Amino acid sequence: MAASGAVLAECLDRLEAAVAPGVTTADLDAMAEEFIVSKGGVPSFKGYHGFPGSICPSINAEVVHAIPGPVALVEGDIVSIDCGVTLDGWVSDSARTIPVGEVSGVAASLMDATRRSLAAGIQAARPGNRTGDIGAAVQEVVERAGFQVVRTLVGHGVGRSMHEEPQVPNFGKPGTGVLLEEGVVIAIEPMVTQGDHEVILGHDGWVVTTKDGGLAAHFEHTVAITASGPRILTRHAG
Ligand code: MG
Ligand code: MG
């Protein structure tokens, strides 16, 4: 899983470097697929329940699951790129929200809070803790910053399949939920909204957007729960 995660980390690094005004989400999708295949991997998203792309590039009020296409990024946008890699049968799942050029202060704050909430959630991913400890840690950082966490979409176990037990909500109470045991691997993925946390499904049956049209950010890592603490598998070593 660490090998799969390393490919995914490098893939997202490359996409982040390529994000610029005028680049289309289809361009980014093609880059991702080409890179993953060049490393001997398979884009986990492609064909998943019929999804047509290798990434989900969700822009501004889009939270997750946007389909790549001819839409070009615009200066001031934020784009959340979610991607999965299957390597030797092991899946990794990671996302990050990337600014397109100069973005508004609130967009920058939203991304910062979401990134920090992921870090807090990861710190709670330890043997003996429960999924509610992760959710509570994420929620506290987000709400302290004046934002909200999406309720209807959650993190998840990951392994041979992209979505396994347990569910890992981004809200909750400490000491509640599923017990986290050594060796379990989970995708922790705060989805955070500028305004209200309610979301709606788009007409294409895939894209999820904020109901109030406010911005959304999404950061995700695949994390192994080990005796010595959380090990982030979708980040470069060192
Ligand atoms: Mg993901
Ligand atoms: Mg995920």
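None of these values were measured; they are calculated from a predicted model. Both counts, for ligands and for their atoms, begin at 1 and track the order of listing.
Because the distance cut-off is set at 2.8 Å, H156 qualifies as a neighbour of the Mg ion (ligand 2) through one of its N, O or S atoms.
Side-chain atoms of E189 and H221 form no donor-acceptor pair, as typed in the model, at a separation below 3.5 Å. In this model, no donor atom of one side chain and acceptor atom of the other lie less than 3.5 Å apart for S58 and S80.
With sequence neighbours left out, the side chain to side chain contact (heavy atoms under 4.5 Å, CB included) criterion links V100 to V19, P21, L73, D77, V79.
At a cut-off of 2.8 Å, measuring from the Mg ion (ligand 1), the protein N, O or S atoms that fall short of it are D82 OD1, D82 OD2, D93 OD1, E220 OE1, waters left aside.
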Using a 3.5 Å cut-off and no angle test, enumerate the donor-acceptor pairs between side-chain atoms of residues 116-124 and protein atoms at least two apart in sequence or in another chain.
from : atom 1 : to   : atom 2 : distance (Å)
R116 : NE     : D112 : OD2    : 3.0
S117 : OG     : T114 : O      : 2.8
Q123 : OE1    : R126 : NH2    : 2.8

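For the side-chain hydrogen bond (donor to acceptor under 3.5 Å, both in side chains) condition, the pairs that include at least one residue of residues 16-37, sequence neighbours left out, are E16-R96, T24-D27, E33-K46.
Annotation: Y48 is in aromatic contact with H163 [ring centroid separation under 6.0 Å].
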